Structure formats: structure tokens, C-alpha cells
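What follows is a set of notes on a single structure, which appears directly below.
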Amino acid sequence: MSKKILEALDGFYRCHIASPTIITVHADGRDNAMSAVWHSTLSFKPPLCGVSISPDRDTHNLILDTKEFALNFLPLKKAELIAQVGGCHWSKVDKFKCFNIETEPPRKIKSPILKDAYAAYECKLFDHHTYGDHEWFVGEVVAVHTEDGLFKDGVLDLQRVKLALYLGSDKYITASSEEVRYLNRKEYGKG
Ligand SMILES: Cc1cc2nc3c(=O)[nH]c(=O)nc-3n(C[C@H](O)[C@H](O)[C@H](O)COP(=O)(O)O)c2cc1C
């Protein structure tokens, strides 16, 4: 398939579709939440993940102050909350009160775990570095919360959880369990 060259490079990231996470942090006696779709797993041992946060977000400084954060993964039916916490700032509004966000206690850090999350990671700040106009925060995962029965045959059971995937421009979609294909990579190494 022939491809054309994108003239506007500032839209390059739209080719990379991911599931947004809600980052939570507890600072100055209250909780905050912001959405982030630019994140990744980084290492098995130690278990590391990373998230890219603009210095314009209040969460940026809250993480630098508290040295910890949690990543919460929500299903499509809770996409409204992803949009809500991604649309306002800690310094202007108590998002937990305003959006009636329910929490569960964390095990090893103070950042709250969202009741609506099907999975959540508690992270201690491992490292951080500025790349361009964002800061890449690396978290060491110190506890993982998952809903019962979340996995089937070693992967997320998409019949049980409808993923929230972010297309950009405030549009969300999901992945269908009917589209799952099993491809044994060892079969391809023989040729
Ligand atoms: C779906 C979605 C994904 C977002 N992804 C990011 C991201 O990866 N990094 C970032 O810095 N901001 C991202 N944002 C913007 C922040 O969530 C938003 O600016 C938020 O209001 C910051 O809140 P705070 O100032 O309380 O930290 C995203 C927003 C939405 C709705």
C-alpha cells in the first residue's frame, strides 16, 4: 500500500492508539487524578512503567513532590471519567468531589486506587527525565490490583472488560473479543 508523507509532523502521535490511564496522586491532604495516554511498560525486573506528563499539568509537580503515583485502567463505560479528569486541573477543582470519584485504599503508597478501575498499579518514582515538551516519569510497580476473573488463557478477557482506547480528538473506541487471533510465532521461525 503506498503511503503519503504527513506534512504536519505535530500530528504524528495519532498513529499510535493506546488505552488511557488515570494517574492518581495524593498531595497536600487531598487526591488528584489526570488522564494520560502516553505511557508504557518498560521492564520486567524490576517491574517498571513510564508515563509522559507535560509540566503544564499540576500532576507533574505533585509527583515530583510526593515521589509516587498510581496508574488506573478504566473500561469504555467509564470513558466519561477519563474525559472529566483530563479536562480540568487540581489547582482549580477537587476532582474527587466534583466527579464523585470512589476510591479503594492503596497497599504501599498514598495515591488512591479508583473503584472503577479493572486494574491499577501502585508506583514509586524510580527516575524522571525531560524529553522535549514532556517529562517521562518512570515508576517502579510496587503493587498491582486486578478485578477477579480479569484474565482468561493468560490475557485480558475482552468479553469481561471492554477496553477504552483513545483515538485522539476526544474520541474513544473499544477492541472486540471477536477480533482476537492466536498466531504462534514459533511456527513462523521455521522458514
Ligand atoms: C484521553 C486523554 C489523554 C491525555 N493524555 C495526556 C498525556 O499522556 N500526558 C499529558 O501530559 N496530558 C495528557 N492529557 C491531558 C491531561 O489529562 C489534562 O491536562 C489534565 O487536566 C491535567 O490535570 P492536572 O492539571 O490536575 O494534573 C490527556 C487528556 C485526555 C482526556
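As the structure lists them, so they are numbered: ligands from 1, and atoms in each ligand from 1. All heavy atoms count here, side chains included; hydrogens, waters and symmetry mates do not. The residues of the chain are indexed from 1 along the displayed sequence. Just so you know, these numbers come straight off a predicted model, no measurement behind them.
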Mind checking whether [X] has an N or O less than 3.5 Å away from an N or O of ligand 1?
| X | result |
| --- | --- |
| Val37 | yes |
| Asp56 | no |
| Ser54 | yes |
| Asp170 | no |
| Tyr166 | no |
| Cys88 | yes |

Next item on the list: Please work out which of Arg57, Lys95, Lys92 has its closest non-hydrogen atom nearest to atom 23 (O) of ligand 1.
Entry: Lys95
Margin query: For atom 29 (C) of ligand 1, which of the options Ala18, Ser35, Ala79 provides the nearest non-hydrogen atom?
Written below: Ser35
Greater than 12 external heavy atoms within 6.0 Å of [X]'s [atom1]:
| X | atom1 | result |
| --- | --- | --- |
| Lys110 | NZ | no |
| Arg30 | CZ | yes |
| Leu183 | CG | yes |

Distance from [atom] to nearest protein heavy atom, with residue and atom:
| atom | result |
| --- | --- |
| atom 18 (C) of ligand 1 | Gly86 O, 3.3 Å |
| atom 25 (O) of ligand 1 | His89 ND1, 2.4 Å |
| atom 9 (N) of ligand 1 | Ser52 O, 2.9 Å |
| atom 27 (O) of ligand 1 | Thr59 OG1, 2.5 Å |

Check: Can you check whether His60 and Phe137 have ring centres sitting under 6.0 Å from each other?
Finding: yes
Next item on the list: Please state whether the rings of Phe73 and Tyr118 are parallel, tilted or perpendicular, taking 30° and 60° as the class boundaries.
Entry: tilted
Suppose I only count heavy atoms of [X] and a 4.0 Å limit; which atoms of ligand 1 are within that range?
| X | value |
| --- | --- |
| Trp90 | 26 (O) |
| Ala36 | 4 (C), 5 (N), 6 (C), 7 (C), 8 (O) |
| Ile53 | 11 (O) |
| Tyr172 | 1 (C), 31 (C) |
| Trp38 | 8 (O) |

Item checked: Ionic contact status for Glu147 with Arg160, cut-off 4.0 Å -> yes
Checklist line | Heavy-atom check, side chain of Asp133 versus side chain of Ser54, under 4.5 Å | finding: no
Next item on the list: Look at the side chain of Ser176 and the backbone N and O of Glu178, then say whether any donor-acceptor pair between them is shorter than 3.5 Å.
Entry: yes
Notebook entry, point to check: Got a donor-acceptor contact below 3.5 angstrom from the Glu122 side chain to the Ile109 backbone?
Noted result: yes
Note to self: Minimum heavy-atom separation for His89 and Asp56, please, with both atom names.
What the structure shows: CE1-O, 4.4 Å
Notebook entry, point to check: Which atom pair, heavy atoms only, marks the closest approach of His26 to Asp31?
Noted result: ND1-OD1, 2.6 Å
Between [X] and ligand 1, find which residue part has any heavy-atom pair under 4.0 Å and reply side chain, backbone, both or neither.
| X | value |
| --- | --- |
| His134 | side chain |
| Tyr13 | neither |
| Val85 | backbone |

Notebook entry, point to check: Any chance the side chains of Asn72 and Thr24 put a donor and an acceptor closer than 3.5 Å?
Noted result: yes
